[in-house]
Amino acid sequence: MGVKEWLFILPTVLIIGIFSLWPVLQSLTYTFFDYRLNDQQKAGLYLSERFNVSLFNETQMYIAMFLDEDLANISNEQDQEQVSKLKTELLAADKDFSNQKGVIKISKQQKTEIENLHKEAKMLVTALIGKYELIHKEDLPALVADLQNSIIPSNFIGFSGYKQVLSDNRIGIALWNTSFFTVLSVFFELVLGLGLALVLNKTIFGQGMIRTASLIPWAIPTAVAALMWSYLFNGSSGIVAHFFEAVGLVDKSQNLLLSGSGAMASTILADVWKTTPYMALLLLAGLQNIPHSLYEAASIDGASKIQSFFKVTLPLLKPSILVALLFRTLDAFRVFDLIFVLTGGGPGGETETMSIYAYKVMFGQTNFGYGSIIVMIMFVCVACIAILFVKFLGANLMEKN
């Protein structure tokens, strides 16, 4: 390819790189760090030691202010001199970083000076608290500790996070729940969607209205549909919950969303109801590409409706089935909003999927390092699913025939 040809595809390559590859690479980078937003020493990606100037400046200011307020309670002149000396050293250290803000690199000499200052302050404050009744006896030790905390160690952990995954039972449970939900929901959606597609493909009265009505569940936003089903599954007033109790599917209507099996069955039912029309729409497109003359030829040869279905329809529908299964399997494996609104991953984590667990770790615990590892596991699983579908179903999506 020449330069002109590359210029034509350059915009597409840039869009793919910015919106697809860069987020993946960013998430992969996070997996090698103990990255936690709720910890000042781990709130960034630090390959080497850093110094939190803002934290140090604020800490030394409060230490000096509290010592000034407690100076009246310190009667010994020698102790008063030690306090004045410490304040002078804190002020001198503060001036060294007066023109800098945020997190910066720090030399070994600067690190040693800060550590010595912390030790000196800790010994002095401990001695003063033991001798005198200070106003800030509870606050000063914590502030002195922040002098040391202003030195940020490297939070690069390499593959340690991946080792942690191997011993995390919650990962195994979430992966099982995700796989179970994916297999059952996609299976029922394929069967029901194929049946619906066959019906919609027939020339019947009011065909357009029937097709439009059948797509309504898929057109409803997932969060709205999940909220609607949560009312239907409600043990106190939900029609579906009371119906299941009446036919004996559950012992009590209140247990539908409060038991592990009931909650999982409820999420699968809601997902099947919503996305079966989407599956039917994809399969309907494939059915309409099958020439009617093939069915006429099969009928002339004496083939029944069932034989025509298995000998003509299914083989020619195979590429469409692959596309439908691939899209729906990947979508079901990444399910989040339906389960988040309907059960929140409960009860007791029985419906917690990989995406729900990743959300709780990343945004509930603000642990973006370990949360990114969970996301990368999902990425690998999704990639494997796509490869297996294309390979074992034996269809090439890039070919027309």
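One is the number of the first residue; the rest follow in order along the sequence. All values reported here derive from a predicted model rather than from experimental measurement.
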- request: Mind checking the CZ-OG1 spacing from Phe233 to Thr267? Nearest 0.5 Å is all I need.
  value: 8.5 Å
query: Would you say the side-chain atoms of Gln110 and Ser107 include a donor-acceptor pair closer than 3.5 Å?
result: yes
- request: Could you name each residue pair satisfying salt bridge (charged side-chain N to carboxylate O under 4.0 Å, His left out) that touches residues 349-365, not counting sequence neighbours?
  value: Arg170-Glu352, Glu352-Lys360
- request: Check the pair Asn177 / Phe180 against side chain to side chain contact (heavy atoms under 4.5 Å, CB included), numbers first and verdict last.
  value: CA-CA 5 Å; Asn177 290 338; Phe180 185 79; 5.8 Å; no
message: Would you say that more than 12 heavy atoms from the other residues, nucleotides or ligands in this model lie under 6.0 Å from the CZ of Phe156, or not?
response: yes
- prompt: Do Lys105 and Phe51 have side chains that get closer than 4.5 Å, going by heavy atoms?
  reply: no
message: Between Ser160 and Ile157 (side chain of the first, backbone of the second, donor and acceptor by atom type, cut-off under 3.5 Å), is there such a pair?
response: yes
query: Distance from Ile171 atom CD1 to Leu166 atom CG, nearest 0.5 Å?
result: 10.0 Å
Ile151 backbone acceptor or donor facing Gln41 side chain under 3.5 Å: yes
message: Once side chain to side chain donor-acceptor pair (under 3.5 Å) is applied, do any residues pair with His118, and if so which ones, sequence neighbours excluded?
response: none
query: Are any non-hydrogen side-chain atoms of Leu175 and Cys381 less than 4.5 angstrom apart?
result: yes
- request: Give, for atom CE of Met376 and atom OG1 of Thr29, the distance between the pair rounded to the nearest 0.5 Å.
  value: 9.5 Å
query: Taking atom CD of Gln109 as the centre, does the number of heavy atoms from other residues, nucleotides or ligands within less than 6.0 Å exceed 12?
result: no
message: Which residues pass the side chain to side chain donor-acceptor pair (under 3.5 Å) test with Tyr132, not counting sequence neighbours?
response: Asp79
- request: Compare all side-chain heavy atoms of Leu198 with those of Phe309 and state whether any distance is below 4.5 angstrom.
  value: yes
- request: Write down the atom of Gly286, the atom of Leu317, and the distance for their closest heavy-atom approach.
  value: C-CD1, 3.6 Å
field: Within-4.5 Å side-chain heavy-atom neighbours: Leu140 and Asp70
entry: yes
query: Considering all heavy atoms of both residues, which atom of Ile356 and which atom of Ile339 are nearest to each other, and what is their separation?
result: CG1-CG2, 4.2 Å
message: Would you say CD1 of Ile306 has more than 12 non-hydrogen atoms from neighbouring residues, nucleotides or ligands within 6.0 angstrom?
response: no
message: Given 3.5 Å as the limit, does a donor-acceptor pair link the side chain of Asn149 with the main chain of Leu55, or not?
response: no
query: Which residues pass the side chain to side chain donor-acceptor pair (under 3.5 Å) test with Ser355, sequence neighbours left out?
result: Thr353
Heavy-atom check, side chain of Ile74 versus side chain of Leu67, under 4.5 Å: no
Validation row: Met354, Ile374 side chains within 4.5 angstrom (heavy atoms): yes
Atom CD of Gln40 with >12 non-hydrogen neighbours under 6.0 angstrom: no
message: Less than 4.5 Å apart, side chain to side chain, heavy atoms only: is that true for Thr366 and Val361?
response: no
query: Are there more than 12 heavy atoms of other residues, nucleotides or ligands under 6.0 Å from atom OH of Tyr162?
result: yes
- prompt: Under the 3.5 angstrom rule, does the side chain of Thr351 hit a backbone N or O of Met264 as a donor-acceptor pair?
  reply: no
query: How many angstroms lie between atom NZ of Lys311 and atom CG of Leu316, to the nearest 0.5 angstrom?
result: 13.0 Å
query: Can you pull the salt bridge (charged side-chain N to carboxylate O under 4.0 Å, His left out) pairs that have at least one residue in residues 133-157, sequence neighbours excluded?
result: Glu133-Lys137
query: Does the side chain of Val125 reach to within under 4.5 Å of the side chain of Ile129, using non-hydrogen atoms?
result: yes
field: Heavy-atom neighbours of Asn169 CG exceed 12 at 6.0 Å
entry: no
- request: For Asn116 and Thr112, indicate whether the former's side chain and the latter's backbone hold a donor-acceptor pair under 3.5 Å.
  value: yes
- prompt: Should we count CE of Met123 as having more than 12 external heavy atoms under 6.0 Å?
  reply: no
task: Might you point out which heavy atoms bring Asn289 and Pro291 nearest each other, and give the distance in Å?
output: O-CD, 3.4 Å
Going by atom type alone, with no hydrogens or angles, which donor-acceptor pairs under 3.5 Å involve a side-chain atom of residues 253-261 and a protein atom two or more places apart or on another chain?
from, atom 1, to, atom 2, distance (Å)
Ser253, OG, Gly235, O, 2.8
Ser253, OG, Glu245, OE1, 3.4
Ser259, OG, Asn255, O, 2.8
Ser259, OG, Gly262, N, 3.3

message: Using side chain to side chain contact (heavy atoms under 4.5 Å, CB included), reason through Val53 and Lys101 one step at a time and then give a plain yes or no.
response: CA-CA 6 Å; Val53 178; Lys101 294 181 180 180; 5.7 Å; no
The single option from Ile373, Val375, Asn367, Leu45 passing side-chain contact (heavy atoms from CB on, under 4.5 Å) against Tyr30: Leu45
query: Do any pairs count as a ring pair (Phe, Tyr, Trp, His ring centres under 6.0 Å) and have a residue in residues 336-363, sequence neighbours left out, and if so which ones?
result: Phe336-Phe340, Phe336-Tyr359, Phe340-Tyr359, Tyr359-Phe363, Phe363-Phe368
query: Would you say Asn155's side chain and Gly44's backbone share a donor-acceptor pair under 3.5 angstrom?
result: yes
field: Residue pairs involving residues 314-334 (criterion ring pair (Phe, Tyr, Trp, His ring centres under 6.0 Å); sequence neighbours excluded)
entry: none
- request: Please confirm whether the backbone N or O of Leu326 pairs with a side-chain atom of Thr329, one donor and one acceptor, at under 3.5 Å?
  value: no
- line: The reported gap from CG in Leu314 to OG in Ser308 (rounded to nearest 0.5 angstrom) is 11.0 Å
field: Reported CH2-to-OG distance for the pair Trp22 and Ser27, which is rounded to 0.5 angstrom
entry: 10.5 Å
field: Pairing residues for Asp34 by the side chain to side chain donor-acceptor pair (under 3.5 Å) criterion, not counting sequence neighbours
entry: Arg36, Lys42
message: According to salt bridge (charged side-chain N to carboxylate O under 4.0 Å, His left out), does anything in residues 54-69 pair up with another residue at least two apart or in another chain? List the pairs.
response: Asp68-Lys87
Do any side-chain atoms of residues 269-284 form donor-acceptor pairs under 3.5 angstrom with protein atoms, and if so which ones, sequence neighbours left out?
from, atom 1, to, atom 2, distance (Å)
Asp271, OD2, Arg328, NH2, 3.0
Lys274, NZ, Pro217, O, 3.3
Lys274, NZ, Trp218, O, 3.0
Lys274, NZ, Ile220, O, 2.4
Thr275, OG1, Glu189, OE1, 3.3
Thr275, OG1, Glu189, OE2, 2.6
Thr275, OG1, Asp271, O, 2.6
Thr276, OG1, Val272, O, 2.5

- prompt: When you look at Glu49 and Ser154, which way does the side chain to side chain contact (heavy atoms under 4.5 Å, CB included) test go after all the steps?
  reply: CA-CA 5 Å; Glu49 286 185 323; Ser154 170; 5.6 Å; no
- request: Only pairs at least two apart or in different chains count here, so list each salt bridge (charged side-chain N to carboxylate O under 4.0 Å, His left out) that has a residue in residues 255-266.
  value: none
